[in-house]
Amino acid sequence: GVNCIVSGFNFEDKYGELGNGFIHVHHVIPLSSIGENYKINYKEDLVPVCPNCHAMLHAGKKEKLISIEQLRKLIAYNSK
């Protein structure tokens with residue numbers, strides 16, 4: 001899909017035709033933690049995220065990265 005799995009942001013909704021089909025992709029399992037023989041399952045290992053959420057998913061230290069669910073809760077909490 002092209003909606004951010006965390007925030008629901010859609011580039012086409014915001015930017016019109018310019019944003020059509022645009023989204024970042026986040027690896028659910030960090031590439032640094034999988035071996036070079038690992039075969040990526042594009043349907044299960046990659047999720048669509050907007051650039052802001054993508055940056056926040058990678059903002060912590062490697063051993064303390066925030067999960068998608070934690071980021072959703074943080075956004076919901078800070079939106080009140």
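For the single chain, residues carry numbers from 1 onward in sequence order.
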Residues passing the side chain to side chain donor-acceptor pair (under 3.5 Å) test with Asn52, sequence neighbours excluded, are none
Same cluster for Leu46 and Phe22 if Ile/Leu/Val/Met/Phe/Trp/Tyr side chains link at under 4.5 Å? no
Taking only residues two or more places apart in sequence or in another chain, which ones pass side chain to side chain donor-acceptor pair (under 3.5 Å) with Tyr38? Asp45
So, taking the atom named CD1 in Ile40 and the one named CD1 in Ile29, what distance separates them when rounded to the nearest 0.5 Å? 9.0 Å
Val6 reachable from Met56 in the ILVMFWY side-chain graph, under 4.5 Å edges: yes
Looking only at atom types and distance, does a side-chain atom of Ser33 sit under 3.5 Å from a main-chain N or O of Pro30, one as donor and one as acceptor? yes
Indicate if Val28 and Leu57 have the same hydrophobic cluster label, given that clusters are the connected sets of ILVMFWY residues with side-chain heavy-atom separations under 4.5 angstrom. yes
Can you name the residues that form a side chain to side chain donor-acceptor pair (under 3.5 Å) with Asn3, not counting sequence neighbours? Asn10
Could I get the full list of side chain to side chain contact (heavy atoms under 4.5 Å, CB included) partners for Glu36, not counting sequence neighbours? none
Please tell me if the side chains of Cys50 and Ser7 come closer than 4.5 Å, counting only heavy atoms from C-beta onward. yes
My understanding is that only residues two or more places apart in sequence, or in another chain, count here; which of them pass ring pair (Phe, Tyr, Trp, His ring centres under 6.0 Å) with His58? His26, His54
N/O donor to acceptor pairs below 3.5 angstrom from side-chain atoms of residues 65-78, sequence neighbours left out:
{"unit_1": "Ser67", "atom_1": "OG", "unit_2": "Gln70", "atom_2": "N", "d": "3.0"}
{"unit_1": "Ser67", "atom_1": "OG", "unit_2": "Gln70", "atom_2": "OE1", "d": "3.2"}
{"unit_1": "Glu69", "atom_1": "OE1", "unit_2": "Arg72", "atom_2": "NH1", "d": "3.1"}
{"unit_1": "Gln70", "atom_1": "OE1", "unit_2": "Ser67", "atom_2": "N", "d": "2.7"}
{"unit_1": "Arg72", "atom_1": "NE", "unit_2": "Ile5", "atom_2": "O", "d": "3.0"}
{"unit_1": "Arg72", "atom_1": "NH2", "unit_2": "Ile5", "atom_2": "O", "d": "2.9"}
{"unit_1": "Asn78", "atom_1": "ND2", "unit_2": "Leu74", "atom_2": "O", "d": "3.3"}

To the nearest 0.5 Å, how far apart are CZ in Phe11 and CD1 in Ile23? 5.5 Å
